[in-house]
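Here is the structure we will look at, set down as structure tokens.
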Amino acid sequence: MPDDVLFCWSGGKDSAMALHALQAARACRITGLLTTITEEYDRISMHGVRRALLERQAESLGLPLHAVLIPPQCINAIYEKRMEEALAEHFTRGVSRVAFGDIFLEDLRLYRERKLAEAGMSALFPIWKRDTRELALDFVRLGFRAIAVCVDPRVLDPSFSGRSLDASFFCDLPPSVDPCGENGEFHTFVFDGPIFKSPIPFRVGEKVMRDGFCFCDLLPD
């Protein structure tokens with residue numbers, strides 16, 4: 001019988017590619033999505049995507065969603081406590097593995113593995129060490145569709161916020177920016193692709209600067 005795996009879902013392209021890889025391998029059963037929500041904004045933490053759109057993603061993926069609520073500018077101690085509580089809930093149901101869409105950040109991987117080990121769980125990294133340029137090309141080739149929702153203007157022009165992740169998007173990225181934004185240069189919202197039953201309808205809203213980042217608001221349609 002395949003192992004039960006909880007998926008740590010951001011709503012973005014790396015999560016989508018990692019989930020696609022797991023489903024294609026058919027070596028495990030995805031039990032649900034775990035996503036942190038900034039409670040004051042009711043949006044996906046860091047990405048700034050409205051909870052309503054996250055819920056539509058989960059519905060289209062056919063997977064239950066477990067939202068972990070954290071405060072704005074959340075300190076690590078609060079984040080860890082709330083994640084520990086969420087993970088313990090799944091562990092009691094027999095889930096002992098958690099999957100992530102991380103690609104090459106070694107310190108982040110070690111942190112995740114250490115915290116999961118403390119909870120009696122282990123980590124899966126389905127797209128670990130994949131070449132990020134090839135991964136970006138595969139994202140387009142597989143028919144995924146996404147939009148950039150958050151850009152760090154210190155490393156990438158704010159005009160990339162609100163752009164679709166097509167071939168021209170990746171071609172236009174400066175050489176200093178990782179093609180998958182793995183260093184936090186940009187974050188995305190995936191709204192269609194082979195893992196979804198149907199596309200997620202939305203409208204593009206206003207662009208705002210908040211906490212040093214340029215966010216493109218998306219409105220449920």
Side-chain angles (χ1 to χ4, degrees), residues 1-38 42-70 83 86-87 89-91 93-103 112 116 121 123-128 130 135-136 138-150 164-166 180-182 186-204 216-221:
M1 174 179 282
D3 289 343
D4 285 348
V5 173
L6 176 66
F7 197 96
C8 199
W9 176 260
S10 71
K13 59 172 178 40
D14 297 338
S15 281
M17 289 295 283
L19 180 57
H20 180 267
L22 278 180
Q23 292 180 333
R26 298 183 179 181
C28 63
R29 185 176 77 93
I30 309 300
T31 60
L33 308 174
L34 187 72
T35 306
T36 54
I37 297 284
T38 304
D42 207 28
R43 295 170 183 261
I44 299 176
S45 302
M46 279 307 299
H47 290 221
V49 173
R50 294 169 185 261
R51 182 173 183 160
L53 289 171
L54 167 65
E55 290 171 347
R56 290 187 183 182
Q57 279 185 324
E59 182 181 356
S60 185
L61 289 168
L63 292 169
L65 173 66
H66 184 155
V68 180
L69 302 181
I70 61 173
M83 283 294 287
L87 292 171
E89 184 178 327
H90 290 271
F91 184 72
R93 299 176 191 164
V95 180
S96 61
R97 307 183 82 185
V98 184
F100 301 88
D102 301 311
I103 306 173
R112 297 200 197 282
L116 284 174
M121 305 174 86
L124 277 175
F125 300 91
I127 56 173
W128 185 252
R130 283 283 308 274
L135 201 60
D138 279 350
F139 182 81
V140 176
R141 180 183 60 79
L142 289 168
F144 280 104
R145 299 169 68 199
I147 184 170
V149 291
C150 176
S164 295
L165 268 71
D166 52 16
C180 286
E182 179 70 349
F186 62 94
H187 300 289
T188 59
F189 174 74
V190 178
F191 58 90
D192 196 9
I195 58 176
F196 294 100
K197 296 174 185 174
S198 59
I200 316 301
F202 67 90
R203 290 174 287 118
V204 176
C216 177
D217 194 17
L218 303 182
L219 308 170
D221 220 349

**Prompt:** Are any of the side-chain heavy atoms of Pro201 and Arg56 separated by less than 4.5 Å?
**Reply:** yes

**Item:** Steps toward side chain to side chain contact (heavy atoms under 4.5 Å, CB included) verdict (Cys28, Leu22)
**Value:** CA-CA 7 Å; Cys28 63; Leu22 278 180; 3.9 Å; yes

**Prompt:** Got a second to check how far His90's NE2 is from Asp4's CG, nearest 0.5 Å?
**Reply:** 11.5 Å

**Message:** Could you report the tightest heavy-atom contact between Gln57 and Gly11, atom names first, then the distance?
**Reply:** NE2-O, 3.1 Å

**Prompt:** Quick one: does Arg112's side chain get under 4.5 Å of Asp102's, heavy atoms only?
**Reply:** yes

**Item:** 4.5 Å side-chain heavy-atom contact, Ile70 and Ser45
**Value:** yes

**Request:** For Leu124 and Val5, work out which heavy atoms get closest and say how close.
**Result:** CD1-CG2, 3.8 Å

**Message:** I need the Leu87 CG to Ser96 OG distance, nearest 0.5 Å.
**Reply:** 11.5 Å

**Fill in**
dist His187:NE2 -> Ile147:CD1 (nearest 0.5 Å) comes out at 15.0 Å

**Prompt:** Got a sec: does the CD of Glu59 have more than 12 other heavy atoms crowding it under 6.0 Å?
**Reply:** no

**Request:** Look at Arg29 together with Asp3 and state whether they make a salt bridge at an N to O cut-off of under 4.0 Å.
**Result:** no

**Asked** Should Arg51 and Ile44 count as side-chain neighbours, where that means a heavy-atom distance under 4.5 Å?
**Response** no

**Request:** Could you tell me which non-hydrogen atom of His47 sits nearest to which non-hydrogen atom of Val149, and how far apart they are?
**Result:** O-CG2, 3.5 Å

**Asked** Does a side-chain heavy-atom distance below 4.5 Å link Val68 with His66?
**Response** yes

**Prompt:** So, for Ile30 and Leu63, which heavy atoms are closest and what is the spacing to 0.1 Å?
**Reply:** O-CD2, 3.5 Å

**Request:** Working to the nearest 0.5 Å, report the span between CG of Leu219 and CZ of Arg50.
**Result:** 5.0 Å

**Asked** Tell me, do Trp9 and Leu19 make a side-chain contact under 4.5 Å, heavy atoms counted?
**Response** yes

**Prompt:** Between Arg130 and Asp138, is there a salt bridge with N-O shorter than 4.0 Å?
**Reply:** yes

**Minimum-distance pair of heavy atoms, taken over all atoms of Ile127 and Ala18** = CG2-CA, 3.9 Å

**Steps toward side chain to side chain contact (heavy atoms under 4.5 Å, CB included) verdict (Ile103, Trp128)** = CA-CA 4 Å; Ile103 306 173; Trp128 185 252; 5.5 Å; no

**Message:** If you apply the rule side chain to side chain contact (heavy atoms under 4.5 Å, CB included), what do you find for Phe7 with Val98, and how did you get there?
**Reply:** CA-CA 6 Å; Phe7 197 96; Val98 184; over 6 Å; no

**Asked** Can you tell me how far CG of Leu218 sits from CD1 of Ile200, rounded to the nearest 0.5 angstrom?
**Response** 11.5 Å

**Charged N-O contact under 4.0 Å between Arg43 and Asp217** = yes

**Item:** Student check: side-chain heavy atoms of Arg97 and Leu6 closer than 4.5 Å
**Value:** no

**Request:** Could you check whether the rings of Phe144 and Phe139 sit parallel, tilted or perpendicular, using 30° and 60° as the cut-offs?
**Result:** parallel

**Prompt:** Should Lys13 and Phe186 count as side-chain neighbours, where that means a heavy-atom distance under 4.5 Å?
**Reply:** yes

**Asked** In terms of the angle between their ring planes, are Phe191 and Phe202 parallel, tilted or perpendicular, with boundaries placed at 30° and 60°?
**Response** perpendicular

**Message:** With a 6.0 Å cut-off (strictly less than), is the heavy-atom count around CZ of Arg203, excluding the residue itself, greater than 12?
**Reply:** yes

**Asked** Taking atom CG of Leu54 and atom CG of Leu65, what is their separation to the nearest 0.5 Å?
**Response** 4.5 Å

**Asked** Would you say the side-chain atoms of Ser15 pair up with the backbone N or O of Ser10, donor to acceptor, closer than 3.5 Å?
**Response** yes

**Asked** Checking side chain to side chain contact (heavy atoms under 4.5 Å, CB included) for the pair Met83/Thr36: CA distance, chi angles, key distance, verdict?
**Response** CA-CA 9 Å; Met83 283 294 287; Thr36 54; 4.0 Å; yes

**Prompt:** What pair of heavy atoms forms the shortest contact from Ile37 to Ala67, and how long is it?
**Reply:** CG1-CB, 3.8 Å

